[in-house]
Number of protein chains: 2
Amino acid sequence: MSYKDKKVLPIGSVSELTGLSLRKIRYYEERGLILPERSGGGTRKFSFTDVEKLMDIANQIEDGMQTFEIKKLYKKEKQKDKDKIRDEMIRGQLNAAFKMTK
Amino acid sequence: MSYKDKKVLPIGSVSELTGLSLRKIRYYEERGLILPERSGGGTRKFSFTDVEKLMDIANQIEDGMQTFEIKKLYKKEKQKDKDKIRDEMIRGQLNAAFKMTK
DNA sequence: CGTGTAAGGAATTCTGACACG
DNA sequence: CGTGTAAGGAATTCTGACACG
């Protein structure tokens, strides 16, 4: 995992990087759009990937999209990723089986 | 500037990533080995580059090197970088002058 | 010299709630 | 629904100092 995915940024830094208020960031988490980790004491820790996602979210909100729609969108994205991986695995196995017939 | 150079990490995250105590990190700053930025309120903000540098420093300390030696080393590195840039600029200008003679 | 620690205070973050719309 | 704000408390960080070696 690269630096981009390390959950290490405090919400203040994320707010500065994205230009979003603390309230908005917390709300988007509440709606399940992002999933920061928590320190032992309970403070949120974000990754740069989260920061990028938040900037995406901000754009979509500006376009009048609602949080649950954005969430659905992300679910679809994830499903696509899974489908892709499944396809690749199937292709790999077919390929292996094919070689055995030679 | 990439994510790696953004000064956004709190000292706690840096401590976790490097395995160094808060005391050590602050001390290495005091000795001028790293230069985190400060938030408006005065809290330190580090970059991933700082994190990498700290891991380097930790190794050198383990090898018995003293902080002022490490600092000297970094100064030399910087000087080399400057020399390199100067060389490239001179070469670029010579090249341009040479083309004009054609 | 490099590092741990206890001390007191300040900055940061947290949650739940009320407000507006 | 999405967001601002005031409120009280808890976690995080800060500095300067003493200790040891």
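Within every chain, numbering begins at 1; the chains are lettered A, B, ... in the order of the sequence lines, protein sequences first and strands thereafter. No experiment lies behind these values; they were computed from the predicted model shown.
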What integer distance in Å separates A:Ile25:CD1 from C:dT13:C1'? 12 Å
Short side-chain N/O contact from B:Thr43 to OP1 or OP2 of D:dT12, under 4.0 Å: no
In whole Å, what is the span from the CG atom of A:Asp63 to the P atom of D:dG2? 14 Å
Atom-to-atom span, CE of B:Met65 to P of C:dG2 - whole angstrom: 12 Å
Could you tell me if A:Asp5 and A:Thr49 have a donor-acceptor pair between their side chains, going purely by distance under 3.5 Å? yes
Enumerate all atom pairs, one protein N or O and one N or O from nucleotides 3-5 of chain C, separated by less than 3.5 Å.
unit_1	atom_1	unit_2	atom_2	d
C:dT3	OP1	B:Tyr28	OH	3.2
C:dT3	OP2	B:Tyr28	OH	2.8
C:dT3	O4	B:Arg23	NH2	3.0
C:dG4	OP2	B:Ser21	OG	2.7
C:dG4	N7	B:Arg23	NE	3.1
C:dG4	O6	B:Arg23	NH2	3.1
C:dT5	O4	B:Arg23	NE	3.3

What's the CD-P distance between A:Gln60 and D:dG2, to the nearest Å? 12 Å
Heavy-atom count around A:Arg91 CZ within 6.0 Å, excluding the residue itself: above 12? no
Pairing check on D:dA6: which nucleotide meets the Watson-Crick or G-U wobble criteria with it, both distances under 3.5 Å? none
Can you label the angle between the B:Tyr3 ring and the A:Phe48 ring as parallel, tilted or perpendicular, going by 30° and 60°? parallel
Ranking B:Phe68 and A:Pro10 by the position along DNA chain C of their nearest nucleotide, the one closer to 5' is B:Phe68
Atom CD of B:Glu30 and atom C1' of D:dC14 are separated, to the nearest Å, by 13 Å
pair_partner(D:dG16), Watson-Crick or wobble, both distances < 3.5 Å, evaluates to none
Looking at A:Arg44, does any N or O in its side chain come under 4.0 Å of the phosphate oxygens OP1/OP2 on C:dC14? yes
So if I take every side-chain heavy atom of A:Arg38 and compare against C:dT15, C:dT13, C:dG2, which nucleotide ends up nearest? C:dT15
Tell me if a side-chain donor or acceptor on A:Asp63 pairs with a main-chain N or O of A:Gln60 at a distance below 3.5 Å. no
Tell me, yes or no, whether the heavy-atom count around B:Glu16 atom CD, taken from other residues, nucleotides or ligands under 6.0 Å, exceeds 12. no
Taking atom NZ as the centre, does A:Lys6 end up with more than 12 heavy-atom neighbours from other residues, nucleotides or ligands that are less than 6.0 angstrom away? no
Given atom CD1 of A:Ile34 and atom P of D:dG2, what is their separation to the nearest angstrom? 14 Å
B:Leu9 CG to D:dT13 P, in whole Å, measures 11 Å
A:Glu37 CD - C:dC14 P separation (whole Å): 14 Å
Distance test, side-chain N/O of A:Arg26 to OP1/OP2 of C:dT15, below 4.0 Å: no
Check whether B:Thr18 reaches the backbone of B:Val51 with its side chain - one donor and one acceptor, N or O, closer than 3.5 Å. no
